[in-house]
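Any value given below was found using the heavy atoms of this structure, including those in side chains, with hydrogens, waters and symmetry copies removed. Worth saying up front: this structure is predicted, and the values here are computed from it rather than measured.
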Amino acid sequence: MMIQIQLLSFPKIEEDGVLIRFPYKKAEALFYYLAVEKSISRDKAALLLWEDEDELTAKKNLRHAIYIIRKMFHDEVVISPQKSMLQLNPSAAVSTDLESLDGSADGSLPAYDEFLKDFSVKNAENYTQWLEEKRALYSGRYLNAIYQHMQSDALETEQAEELFERYTALDAFDERIYMALMGIYQKKELFHKGVQLYQKLQQLLEEEFGIAPSKAASDLYHVLLNHWLDASAEPETVPQPPAEPAVPNAAPEMLRSDLLNQLRTAYAAMQNVLITGEHGAGKSHLVRQFLTEIPQDTTLVLAATCFLAEKNMPLQSWNDIIFQIDSAIQMQQISLQQSFINSVAQFFPTFGGVMAETSR
């Protein structure tokens with residue numbers, strides 16, 4: 001019997017094409033957890049879903065949930081190789097759409113909406129936190145897969161635009177995807193489309209954050225614009241370059257130069273720097289300007305964004321950083337001890353998963 005689980009949108013479970021509907025929400029939640037993580041201790045499962053119950057009641061509820069899961073399928077999908085452990089039966093024919101998240105054998109990407117979209121469990125904060133962590137993790141992985149696909153020289157313009165739409169539906173402010181598509185337009189000599197895309201990015205960043213695109217994006221824009229002007233038979237139809245939006249409350253040039261010197265001094269001395277200021281004061285612009293001076297071949301720049309909604313998830317903002325470190329490790333072909341990999345993977349499963357695959 002083949003069990004197929006849809007996790008990257010509204011959750012759905014089928015056994016040989018027959019829809020499975022769980023009568024007990026927490027049993028369904030436990031099954032999704034096992035489908036992703038493969039195993040869990042009984043103590044952790046009880047704490048995951050019944051944190052507010054006493055130990056006796058929580059374990060009684062867990063036994064009931066396990067019974068429900070086993071009853072729902074013809075094959076034994078959950079086993080207990082040790083008395084204290086629960087495991088998704090490796091002999092059972094179970095597949096999920098997570099397996100194609102980074103791209104299938106033919107190079108195509110699956111449709112992605114959200115991990116376990118609209119699925120929630122009442123009175124289970126630990127499970128909710130796991131859900132949020134996985135949603136951030138898989139969203140990041142999917143966006144990275146799209147970005148990697150955008151680097152293919154064989155990509156047609158329509159395919160690139162469709163990937164761009166998928167990406168911006170999940171993250172409309174990531175400048176790198178705009179630059180990737182602008183680069184494709186440059187190769188295809190669709191200079192006007194690249195110019196228009198930059199103007200769209202410029203307007204978006206100005207309206208939402210009061211900032212301008214990075215120097216790298218601006219430089220690429222001017223390259224595209226110059227090519228367009230050179231190739232245009234009717235120069236009067238070419239729109240004038242929009243003025244770069246001024247950074248609100250930006251520091252005068254002398255003050256900005258002084259701030260840059262402070263950053264250079266701190267960088268040379270390997271000191272930490274905290275930059276503070278009001279919204280729109282030009283903090284991001286200052287940092288971007290400083291980073292253009294950093295030698296990229298000898299320095300690894302890591303960036304992450306913190307959101308107020310994630311203030312109770314202290315490790316959330318580190319997911320992006322760990323992912324970037326992991327990518328750098330792979331690019332540099334750095335070998336790590338398995339014990340170290342396992343330790344990091346306890347907090348950041350992506351690192352452990354990717355490195356485990358690399359080490360095999």
Side-chain angles (χ1 to χ4, degrees), residues 5-12 32 36 96-104 106-120 128 131-152 154-188 190 192-214 216-217 220-221 224 284 303-310 313 316-317 319-321 323-324 327 350:
I5 310 170
Q6 177 176 288
L7 298 169
L8 301 181
S9 183
F10 295 101
K12 183 171 66 174
Y32 290 140
V36 173
T96 76
D97 48 0
L98 286 178
E99 297 159 11
S100 60
L101 180 61
D102 301 313
S104 58
D106 63 1
S108 62
L109 286 169
Y112 182 89
D113 193 348
E114 182 182 64
F115 177 72
L116 292 180
K117 184 176 178 65
D118 287 353
F119 183 81
S120 62
T128 299
L131 269 180
E132 291 174 349
E133 290 173 356
K134 291 300 175 183
R135 283 167 178 161
L137 168 65
Y138 293 132
S139 176
R141 269 181 57 184
Y142 185 70
L143 292 178
N144 189 65
I146 292 177
Y147 182 75
Q148 295 304 321
H149 274 61
M150 292 280 281
Q151 310 309 305
S152 172
L155 205 62
E156 296 295 333
T157 304
E158 294 77 10
Q159 294 173 310
E161 289 172 340
E162 191 269 335
L163 289 173
F164 174 83
E165 292 300 328
R166 287 204 210 181
Y167 195 108
T168 53
L170 297 171
D171 184 352
F173 305 104
D174 191 343
E175 192 176 272
R176 68 172 184 166
I177 201 66
Y178 288 84
M179 291 186 64
L181 185 54
M182 287 166 67
I184 291 171
Y185 285 148
Q186 182 181 13
K187 291 177 183 178
K188 304 290 186 181
L190 298 170
H192 67 290
K193 282 197 168 187
V195 168
Q196 291 166 357
L197 184 62
Y198 176 86
Q199 292 173 350
K200 176 182 177 181
L201 171 65
Q202 185 184 53
Q203 181 179 2
L204 183 67
L205 293 180
E206 169 65 18
E207 290 178 351
E208 294 292 332
F209 307 113
I211 61 175
S214 68
L220 178 55
Y221 160 72
L224 289 164
S284 298
T305 303
C306 299
F307 297 99
L308 182 61
E310 298 170 350
M313 301 162 59
Q316 183 62 38
S317 61
N319 277 323
D320 288 342
I321 293 178
F323 188 86
Q324 294 167 58
S327 298
T350 302

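- By the 4.5 Å heavy-atom criterion applied to side chains, Glu208 and Leu204 are counted as neighbours.
- Here the CD1 atom belonging to Ile146 is positioned 12.0 Å from the CD atom belonging to Gln151, to the nearest 0.5 angstrom.
- Of the inter-residue distances, the one linking Arg166 atom CZ with Ile177 atom CD1 reads 11.5 Å to the nearest 0.5 angstrom.
- Distance check: Ile5 CD1 to Asp97 CG gives 9.0 Å after rounding to the nearest 0.5 Å.
- No side-chain donor from either of Glu206 and Gln202 sits under 3.5 Å from a side-chain acceptor of the other.
- In terms of heavy-atom proximity, Tyr178 sits nearest to Leu197 at O-CD2, 3.5 Å.
- Contact check for Tyr32 versus Leu131: no side-chain heavy atoms found under the 4.5 Å cut-off.
- Annotation: side chain of Met150 is in contact with side chain of Leu181 (closest heavy-atom distance under 4.5 Å).
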Apply ring-ring contact (aromatic ring centres under 6.0 Å, His included) to residues Tyr167 and Tyr142 and explain how you reach the verdict.
CA-CA 9 Å; Tyr167 195 108; Tyr142 185 70; 8.8 Å; no
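- From Asp174, atom CG reaches atom CE of Met179 across 11.0 Å, with rounding to the nearest 0.5 Å.
- Annotation for Arg135 and Tyr112: closest pair O-OH, 3.8 Å, computed over non-hydrogen atoms.
- To the nearest 0.5 angstrom, Ile184 atom CD1 is 10.5 Å from Glu156 atom CD.
- Residues Glu161 and Lys193 form a side-chain contact, since some pair of their non-hydrogen atoms from C-beta on lies under 4.5 Å apart.
- The line from CE of Met182 to OH of Tyr221 is 9.0 Å long, rounded to the nearest 0.5 Å.
- Judged by distance alone, the side chains of Glu114 and Ser139 never bring a donor and an acceptor atom under 3.5 Å apart.
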